Amino acid sequence: TVKEFRPDIVALSGITGSHKYYLEAAGQIKAMDKHPRIIVGGPHFTFFPGEILRHPYIDALCVGEGDDAWVEWLQALQNNTNSNEIPNIVTRENMEKVLKNPKSQSGVGMVDYSVDPKFMRGRKTNLDDLPFLDRGLVYDNTEFKYRYKRTIMASRGCPFRCTYCFEHQWNALYKTVKNPGGIRQLYGVDRLLDELEDFTKRYDTRFIKFYDDVFPPFPNVKEKAWHEEFCEKYQKRIGLPFHVLTRCDLVVDLLDKGELDILKDWKKAGMASITMSIESGNPFIRDHVVMRDMTKYDIETAFRRAREVGLYTFPNTILGIPAPILPKIDDLKFDEKLKEIGQQCKILREINHRKV
C-alpha cells in the first residue's frame with residue numbers, strides 16, 4: 001500500500017503496549033520509502049516522548065491533545081514554514097531544546113524524558129469547534145461499514161485515579177501547563193446530535209454506543225443541565241437504542257442526594273444497556289491496587305437500581321491484575337510470603353498515596 005499510495009505523511013497514535021507494533025510499522029515504512037514524514041501521538045508517546053530520540057525514523061511527536069497542534073503542523077508542512085515552534089509538537093530539530101532530562105529512576109519503569117511544560121498548550125475547552133469525525137475513512141474502507149453499532153463520545157476528561165488508566169497522569173501533566181483548562185469538556189447537546197444525525201443518515205445504524213470514559217452527568221450544575229437537555233432531545237432527534245459507560249458511585253451519589261435518577265432518565269430516553277465497571281470482585285484489589293474508589297454499597301445499589309428500571313448491565317472486570325496473593329495459614333513459607341506482601345503494600349502506598 002505504501003509503495004502504491006506514496007503518502008506524504010504517516011500518523012500513528014497508540015497506548016503503551018500496542019505502541020511497539022506502530023513503531024515496527026514506522027520502521028518498515030521508512031526502510032521502504034524515506035519520503036513520508038512519520039508523526040506519532042497518543043498516551044504512550046505523551047508519557048514517553050524520549051521515543052523520538054530512540055527511533056530515528058520518527059520525524060515528529062505530539063504530546064497531549066493534538067486537535068490544534070496537528071492542524072498547525074500540517075499547515076507548516078504545506079506552507080513550508082517553521083514547524084519547530086508549534087506547542088505540543090516535538091521534532092528532530094527542537095527535541096534537544098524541549099525535552100527535559102530523564103526522570104530520576106527508582107528501579108521501576110523505563111528511563112524517559114518529559115516535555116518542558118512551557119512548550120505545551122492547555123486543553124481544548126470548546127469541543128463544538130471541532131469538525132465531525134471523518135467516519136468514511138473507516139466505514140467506506142472496512143467491514144465496519146456493516147457493523148450496525150456506531151460509537152461516539154459526548155465528553156472528554158475523567159477526574160478519577162484508576163491505576164490502569166492514563167487519565168490521572170494526563171491530569172497531572174496538564175496541571176504543569178499555563179492555562180491548563182478544566183478536566184471535563186462536553187460537546188453541546190445540539191452539536192452532538194447534529195453529528196449523530198449526519199452519520200446515521202449516511203450509514204445503516206441500529207445502535208449507538210457512547211464511549212466516554214464517564215458519560216455525563218457529574219454532580220454539578222452544568223452537567224446536570226446537559227443531562228436534562230440530552231434526555232429531552234435525543235429521543236426526538238435520534239431515537240435509536242443506546243449504551244453508556246459510567247460509574248456506580250456517580251449514579252448512587254446523584255440518587256441518594258435526590259438530585260437525579262439518571263438511570264430512569266436514560267431508560268426513558270431510549271437507553272438499552274449500561275456498563276458500570278468494577279474491575280475486581282475482591283475489595284482489597286479494587287480499593288488498593290486498581291483504586292476504583294467506590295464502595296460495596298455503591299456497586300450493589302447502582303446495579304439493583306438498573307435492574308429495577310429494566311436496563312441490561314455490564315460490570316466489566318479485569319483479568320490478571322498484578323496483586324498480592326495471600327498465603328494459606330498452613331503454608332510453610334507463610335512468614336516469608338507475608339513479608340513480601342508488606343513490601344508490595346509499601347510500593348502501593350508510595351504510588352497511590354493511599355493507606356493500605
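Remember, predicted model here, so these are calculated numbers, not experimental data. This chain uses plain numbering: 1 for the first residue, then up along the sequence.
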Inset, instruction - Give the intermediate values and the outcome of side-chain contact (heavy atoms from CB on, under 4.5 Å) for residues Tyr187 and Ser155. - result: CA-CA 6 Å; Tyr187 284 97; Ser155 66; over 6 Å; no

Legend entry - Shared hydrophobic cluster for Val309 and Phe303 (ILVMFWY, side-chain gaps under 4.5 Å): yes

Legend entry - Nearest heavy-atom neighbours spanning Pro315 and Ile278: O-CG1, 4.2 Å

Legend entry - Any side-chain heavy-atom pair of Phe218 and Leu250 under 4.5 Å: yes

Inset, instruction - Please test Lys296 against Asp298 for salt bridge (Lys or Arg N to Asp or Glu O under 4.0 Å), starting from the C-alpha separation and ending with a verdict. - result: CA-CA 5 Å; Lys296 183 181 177 184; Asp298 292 332; over 6 Å; no

Inset, instruction - Considering only NZ, NE, NH1 and NH2 on the basic side and carboxylate oxygens on the acidic side, decide whether Asp335 and Lys337 come within less than 4.0 Å. - result: no

Inset, instruction - Please check if the side chain of Asp212 supplies one atom and the backbone of Val214 the other of a donor-acceptor pair under 3.5 Å. - result: no

Inset, instruction - For residues Cys62 and Ile89, report the shortest heavy-atom separation together with the two atoms involved. - result: CB-CD1, 4.0 Å

Inset, instruction - Give, for atom CD of Gln185 and atom CG of Asp128, the distance between the pair rounded to the nearest 0.5 Å. - result: 11.5 Å

Legend entry - Exceeds 12 heavy-atom contacts within 6.0 angstrom, atom CG of Asn80: no

Legend entry - Joint cluster assignment, Trp70 & Val63, ILVMFWY side-chain distance < 4.5 Å: no

Inset, instruction - State whether Glu308 and Arg305 are salt-bridged, where the test is any N-O pair (Lys NZ or Arg NE/NH1/NH2 against Asp/Glu carboxylate O) under 4.0 Å. - result: yes

Inset, instruction - Inspect the surroundings of CZ in Phe144 and state if more than 12 heavy atoms from other residues, nucleotides or ligands are less than 6.0 Å away. - result: no

Inset, instruction - Drop me the distance from Asn316's CG to Ser280's OG, to the nearest 0.5 angstrom. - result: 13.0 Å

Legend entry - Geometric cation-pi criterion, Arg202 with Tyr139: 6.0 Å, 45°: no

Inset, instruction - Step through the shown structure and confirm whether more than 12 heavy atoms of other residues, nucleotides or ligands are within 6.0 Å of CG on Leu137. - result: yes

Legend entry - Atom pair CE/CD1 of Met276 and Ile299 - distance to nearest 0.5 Å: 10.0 Å

Legend entry - Neighbour count above 12 (heavy atom, 6.0 Å) for Tyr164 OH: yes

Inset, instruction - Please examine the side chains of Arg156 and Glu65, heavy atoms only from C-beta on, and report whether any two atoms are closer than 4.5 Å. - result: yes

Legend entry - Test log, rule side-chain contact (heavy atoms from CB on, under 4.5 Å), inputs Val115 and Lys100: CA-CA 6 Å; Val115 172; Lys100 295 168 71 178; over 6 Å; no

Inset, instruction - Measure across Met294 and Arg286 and return the closest heavy-atom pair with its distance rounded to 0.1 Å. - result: O-NE, 4.2 Å

Legend entry - Reported CZ-to-OG1 distance for the pair Arg37 and Thr91, which is rounded to 0.5 angstrom: 9.5 Å

Legend entry - Same apolar cluster: Leu61 and Leu77, side chain cutoff 4.5 Å: no

Legend entry - Pro327 to Ile341 - nearest heavy-atom pair and separation: CD-CD1, 3.7 Å

Legend entry - Nearest atoms (heavy-atom pairs only) where Ala26 meets Leu12: CB-CD1, 4.0 Å

Inset, instruction - Apply the test side-chain contact (heavy atoms from CB on, under 4.5 Å) to residues Arg307 and Thr313: give CA-CA distance (whole Å), side-chain angles for both, the deciding distance (0.1 Å), then the verdict. - result: CA-CA 8 Å; Arg307 171 164 291 212; Thr313 56; over 6 Å; no

Inset, instruction - Answer with yes or no after comparing the ring centroid distance for Phe210 and Phe215 against a 6.0 Å cut-off, counting only values under it. - result: yes

Inset, instruction - Look at Asp59 together with Arg92 and state whether they make a salt bridge at an N to O cut-off of under 4.0 Å. - result: no

Inset, instruction - Could you check whether the rings of Trp170 and Tyr174 sit parallel, tilted or perpendicular, using 30° and 60° as the cut-offs? - result: tilted

Inset, instruction - Report yes if the side chains of Pro7 and Val2 come closer than 4.5 Å at any heavy-atom pair, otherwise no. - result: yes

Inset, instruction - Treating Ile, Leu, Val, Met, Phe, Trp and Tyr as nodes and any side-chain heavy-atom pair under 4.5 angstrom as an edge, say whether Phe166 and Phe160 lie in one connected cluster. - result: no

Inset, instruction - Output yes when a side-chain donor or acceptor of Asn94 lies under 3.5 Å from a complementary backbone atom of Asn84, and no otherwise. - result: yes

Inset, instruction - Evaluate whether atom CD1 of Ile15 has more than 12 neighbouring non-hydrogen atoms of other residues, nucleotides or ligands under 6.0 angstrom away. - result: no

Legend entry - Cationic N near anionic O, under 4.0 Å, Glu51 to Lys20: no

Legend entry - Salt-bridge contact Lys124-Asp68 (side-chain N to carboxylate O under 4.0 Å): yes

Legend entry - Neighbour count above 12 (heavy atom, 6.0 Å) for Tyr21 OH: no

Inset, instruction - Taking the side chain as every heavy atom from C-beta outward, state whether Ile262 and Pro217 have any atom pair closer than 4.5 Å. - result: yes

Legend entry - Test item: Ser18 side-chain N/O and Gly14 main-chain N/O as donor-acceptor pair under 3.5 Å: no

Legend entry - Carboxylate-amine/guanidinium proximity below 4.0 Å for Lys97 and Asp116: no

Inset, instruction - Answer yes if the side chains of Asp256 and Tyr297 hold a donor-acceptor pair under 3.5 Å, and no otherwise. - result: yes

Legend entry - Residue Tyr211 excluded, over 12 heavy atoms near OH under 6.0 Å: no

Inset, instruction - Inspect the contact between Glu229 and Lys233 and indicate whether a charged nitrogen and a carboxylate oxygen are less than 4.0 angstrom apart. - result: yes

Legend entry - Closest heavy-atom pair and its distance - Arg150, Tyr203: NH2-CB, 3.6 Å

Legend entry - Ring center gap for Phe230 and Phe242 short of 6.0 angstrom: yes

Legend entry - Approximate separation, where rounding is to 0.5 Å, of Thr205 OG1 and Arg135 CZ: 8.5 Å

Inset, instruction - Measure the shortest side-chain to side-chain distance between Ile183 and Arg123 over non-hydrogen atoms and say whether it is less than 4.5 angstrom. - result: yes

Legend entry - Sub-6.0 Å ring centroid separation between His243 and Tyr312: no

Legend entry - Criterion side-chain contact (heavy atoms from CB on, under 4.5 Å) on Leu196 and Phe132, from CA distance to verdict: CA-CA 9 Å; Leu196 280 166; Phe132 294 169; over 6 Å; no

Legend entry - Gly310 backbone acceptor or donor facing Lys267 side chain under 3.5 Å: yes

Inset, instruction - State, with a plain yes or no, whether a side-chain heavy atom of Arg247 is found less than 4.5 Å away from one of Arg292. - result: yes

Inset, instruction - Give a yes or no on whether the backbone of Cys158 and the side-chain of Asn171 come within a donor-acceptor separation of less than 3.5 Å. - result: yes

Legend entry - Cluster check Met95, Ile58: I/L/V/M/F/W/Y, side chain < 4.5 angstrom: yes

Legend entry - Validation row: Ile86, Arg121 side chains within 4.5 angstrom (heavy atoms): yes

Inset, instruction - Let me see the working for Arg191 and Glu195 under salt bridge (Lys or Arg N to Asp or Glu O under 4.0 Å), right down to the final yes or no. - result: CA-CA 7 Å; Arg191 162 65 180 77; Glu195 184 164 354; 2.8 Å; yes

Inset, instruction - Answer whether the closest heavy-atom distance between the side chains of Trp266 and Tyr234 falls below 4.5 Å. - result: no

Legend entry - Criterion side-chain contact (heavy atoms from CB on, under 4.5 Å) against Asp67, the qualifying member of Asn88, Leu130, Asp129, Leu127: Leu130

Legend entry - Nearest-0.5 Å distance that lies between atom CD in Glu279 and atom CD1 in Ile318: 4.0 Å

